Amino acid sequence: MLKVAVIGGGIAGMQTALRLRELGIEPIIFERDKELGGKVRNWHLLFPTFTESEAVLLPLKNRVAREKIEVRLATEVREFDSTSVTLASGEKIVVEAVVVCTGFTIFDARVKDEYGYGIYDNVYTSVDIERMFVDGKFAHWRGEEPERIAILHCVGSRDEKVCQRHCSKVCCVTGVKQAIELKRRFPKADIFNFYMDIRMFGPGYEELYHTAQREYGIHFVRGRISEASPLMDGRVQIKAEDTLTGRPLRMSVDMFILLVGMRSNSENEHFARTADLRLADSGFMQPKDLFVNNVCSNEEGIFYAGTVTAPKSIGEVLNEASMAADRVAEYLKER
Amino acid sequence: MALNFGYNISKPRVIDIDRNNLRKSVEIIRELPELQACIGCGTCTASCTAGNLTSFNFRKVHTLVRRGEYQGAYEELNKCMLCGKCRLLCPRGINTRGVIMLIKRKLGDF
Ligand SMILES: Cc1cc2nc3c(=O)[nH]c(=O)nc-3n(C[C@H](O)[C@H](O)[C@H](O)COP(=O)(O)OP(=O)(O)OC[C@H]3O[C@@H](n4cnc5c(N)ncnc54)[C@H](O)[C@@H]3O)c2cc1C
Ligand code: SF4
Ligand code: SF4
Ligand code: SF4
């Protein structure tokens with residue numbers, strides 16, 4: 001019996017496969033990593049409820065195992081069309097349809113070298129902060145408790161200079177969440193979020209922002225940091241305009257955290273070329289439309305689920321994955 | 001003889017779009033439409049050497065000009081050294097130095 005290929009075993013891929021199985025369709029997941037889960041494996045507590053990421057991942061992984069869904073780990077898909085996938089090993093597998101769940105790529109903060117990531121000490125990305133919370137180990141200057149922390153929004157998003165025009169959607173709320181977590185961990189620290197626009201698009205997000213202000217005393221400064229420089233004592237000096245007062249602002253911090261954006265996978269271009277798929281200007285895959293066909297590609301038999309088409313939160317990804325499976329079922333029936 | 005009561009009527013602070021003549025502002029935007037894409041992030045002002053030493057604030061000046069508030073803009077822009085640092089950093093890719101020269105050209109007679 002032919003199977004439906006699910007490319008990528010993040011939350012989008014797992015949920016798609018589970019729903020396909022519910023619909024009586026046989027999925028096969030191809031995952032490049034040695035483990036299922038995708039990026040969510042790297043997050044500590046999830047916004048906006050501070051839920052452990054395992055609470056999302058474990059039920060999905062357990063169900064995939066229980067349902068005996070075929071999973072091929074450490075298996076990269078190099079090419080596909082609506083009836084086959086070709087693996088990095090050269091093996092070609094004939095399938096009934098394809099759901100692309102290959103996700104996104106984290107913006108490389110080193111590209112914005114004016115912020116000194118990878119050059120100065122004490123400059124971190126939001127991804128580093130998640131890892132520090134997971135490990136319970138905070139590598140900050142001289143091992144002392146930080147007194148002042150700056151968190152910068154929109155790093156590698158909304159920025160023509162690095163060819164990333166889109167908004168990454170989840171970093172504003174991640175920044176607010178991390179500010180609260182850091183304040184809980186370092187109660188004496190003053191924490192400043194530098195933002196251009198605060199985008200709190202989901203249920204409970206605006207409330208989290210309010211909580212950060214009222215209960216945790218997080219400072220919000222409206223202005224983009226223009227540059228950072230190292231100080232003799234290991235701290236980092238940052239410069240911004242405090243646009244609400246119209247004056248330049250300067251400050252020394254013990255930790256400087258960059259909220260890195262979600263960018264498109266570089267493989268998307270190759271996939272688009274070889275399978276005749278459309279790309280959005282942002283480099284993410286372009287669905288057939290953004291409404292009733294938002295999980296369909298422009299090619300029959302090729303579907304999308306999750307962040308392969310745009311930045312999204314986990315809840316949105318899971319909804320979309322179920323939808324994609326439903327559309328696959330419809331397609332197989334009508335064919 | 002005018003009596004001095006120790007107070008005077010200050011000019012209204014409101015930006016009165018009904019009264020302001022937006023013609024120059026429209027001309028400026030027509031020549032460099034990218035200026036409309038400004039998100040007011042202040043990166044230009046933060047990076048500006050002139051702005052760190054004087055009250056010069058490029059973001060404020062060009063925003064006021066776009067609202068039809070031309071008074072004093074030319075003089076303010078004279079503080080710019082045309083170093084171009086702001087242009088290197090603007091996340092909306094605006095040719096900020098070009099904006100400065102254009103505004104000065106358009107407002108030369110103001
Ligand atoms: C710093 C940060 C914090 C976040 N925190 C939260 C949060 O608290 N709450 C929330 O709702 N969302 C959060 N998100 C968003 C969340 O991470 C995404 O919604 C989620 O990871 C998207 O899942 P996905 O399956 O679409 O993609 P991914 O997680 O990227 O998974 C894609 C999978 O596909 C695999 N793959 C890719 N290409 C191939 C190939 N060619 N062949 C085989 N396999 C392939 C990858 O190895 C990967 O396992 C956060 C994002 C960031 C950047
Ligand atoms: S979600 Fe917020 S931080 Fe992220 S790109 Fe959008 S505006 Fe910037
Ligand atoms: S840096 Fe660019 S987008 Fe930001 S305020 Fe200046 S001109 Fe506007
Ligand atoms: S070009 Fe003018 S406004 Fe821009 S940074 Fe240099 S001095 Fe400041």
Side-chain angles (χ1 to χ4, degrees), chain A residues 107 109 111-116 150 152-168 171-172 192-199 220-229 236-251 256 258-261 263 281-282, chain B residues 13-15 32-67 69-73 75-77 79-100 103:
Chain A
F107 177 78
V111 176
K112 296 286 300 170
D113 55 6
E114 62 264 41
Y115 298 141
L152 175 59
H153 291 226
C154 302
V155 176
S157 308
R158 309 178 68 202
D159 188 352
E160 299 265 343
K161 291 289 175 352
V162 293
C163 305
Q164 303 295 324
R165 285 187 175 182
H166 64 277
C167 162
S168 294
C171 17
C172 268
F192 295 77
N193 281 49
F194 287 82
Y195 69 97
M196 279 113 277
D197 298 287
I198 292 264
R199 295 185 170 162
F220 288 85
V221 182
R222 191 185 174 284
R224 186 166 171 273
I225 293 171
S226 63
E227 63 211 85
S229 41
V236 180
Q237 189 185 63
I238 53 168
K239 281 163 105 189
E241 185 198 353
D242 182 354
T243 59
L244 300 182
T245 62
R247 285 171 57 187
L249 176 149
R250 200 170 32 203
M251 141 185 200
F256 179 31
L258 310 173
L259 295 173
V260 282
R263 54 166 302 169
D281 289 342
S282 56
Chain B
R13 278 193 79 241
V14 61
I15 296 174
L32 268 177
E34 66 207 54
L35 182 56
Q36 292 176 103
C38 171
I39 50 173
C41 68
T43 309
C44 46
T45 309
S47 67
C48 175
T49 313
N52 274 283
L53 300 171
T54 72
S55 61
F56 175 50
N57 182 325
F58 170 57
R59 178 189 56 78
K60 249 182 170 172
V61 173
H62 80 62
T63 309
L64 284 169
V65 167
R66 280 189 290 151
R67 305 275 187 272
E69 297 279 323
Y70 312 118
Q71 200 70 49
E75 292 74 14
E76 274 300 303
L77 290 176
K79 294 178 184 160
C80 163
M81 304 170 287
L82 296 176
C83 70
K85 203 171 162 200
C86 49
R87 188 181 177 188
L88 286 176
L89 293 168
C90 172
R92 282 296 173 115
I94 298 170
N95 175 1
T96 46
R97 197 165 48 166
V99 167
I100 292 163
I103 296 178

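In this text the structure is predicted, and so the values were computed from the model without any measurement. Chain naming here is simple, since letters A, B, ... match the order of the sequence lines and numbering starts at 1 in each.
Tested against A/Ser226, the residues B/Cys86, B/Ser47, B/Cys44 include a single side-chain contact (heavy atoms from CB on, under 4.5 Å) partner, B/Ser47.
Between atom SG of residue B/Cys41 and atom CG of residue A/Asp197 there is a gap of 10.0 Å, rounded to the nearest 0.5 Å. Note that the NZ atom of A/Lys161 and the CZ atom of B/Arg87 stand 7.5 Å from one another [nearest 0.5 Å]. To the nearest 0.5 angstrom, A/Arg224 atom CZ is 12.5 Å from B/Thr45 atom OG1. Expressed to the nearest 0.5 Å, how far CG of B/Leu89 lies from CG of A/Asp159 amounts to 9.5 Å.
Here the closest heavy-atom approach between residue A/Thr245 and residue B/Lys60 is recorded as O-NZ, 4.4 Å. Counting all heavy atoms, side chain and backbone alike, B/Arg59 lies closest to A/Thr243 at NH2-O, 3.2 Å. A pairwise comparison of heavy atoms in B/Lys85 and A/Lys239 identifies NZ-NZ, 4.5 Å as the closest pair.
In this structure, chain B has no heavy atom under 4.5 Å from any part of A/Gln164. Only the side chain of B/Asn57 comes within contact range of chain A, with at least one heavy atom under 4.5 Å from a heavy atom of that chain.
A 4.5 Å side-chain heavy-atom check between B/Pro91 and A/Arg158 finds every atom pair outside the cut-off. Under the 4.5 Å side-chain criterion, counting only non-hydrogen atoms from C-beta, B/Leu88 is not in contact with A/Glu114.
Comparing B/Gly51, B/Cys90, B/Ala46 by heavy-atom pairs within less than 4.5 Å of chain A, the highest count is held by B/Ala46. Counting heavy-atom pairs under 4.5 Å between each of A/Gly223, A/Gly246, A/Cys154 and chain B puts A/Gly246 at the top.
Counted within 6.0 Å of CZ on B/Arg66, heavy atoms from surrounding residues, nucleotides or ligands total more than 12; the atom is thus considered enclosed.
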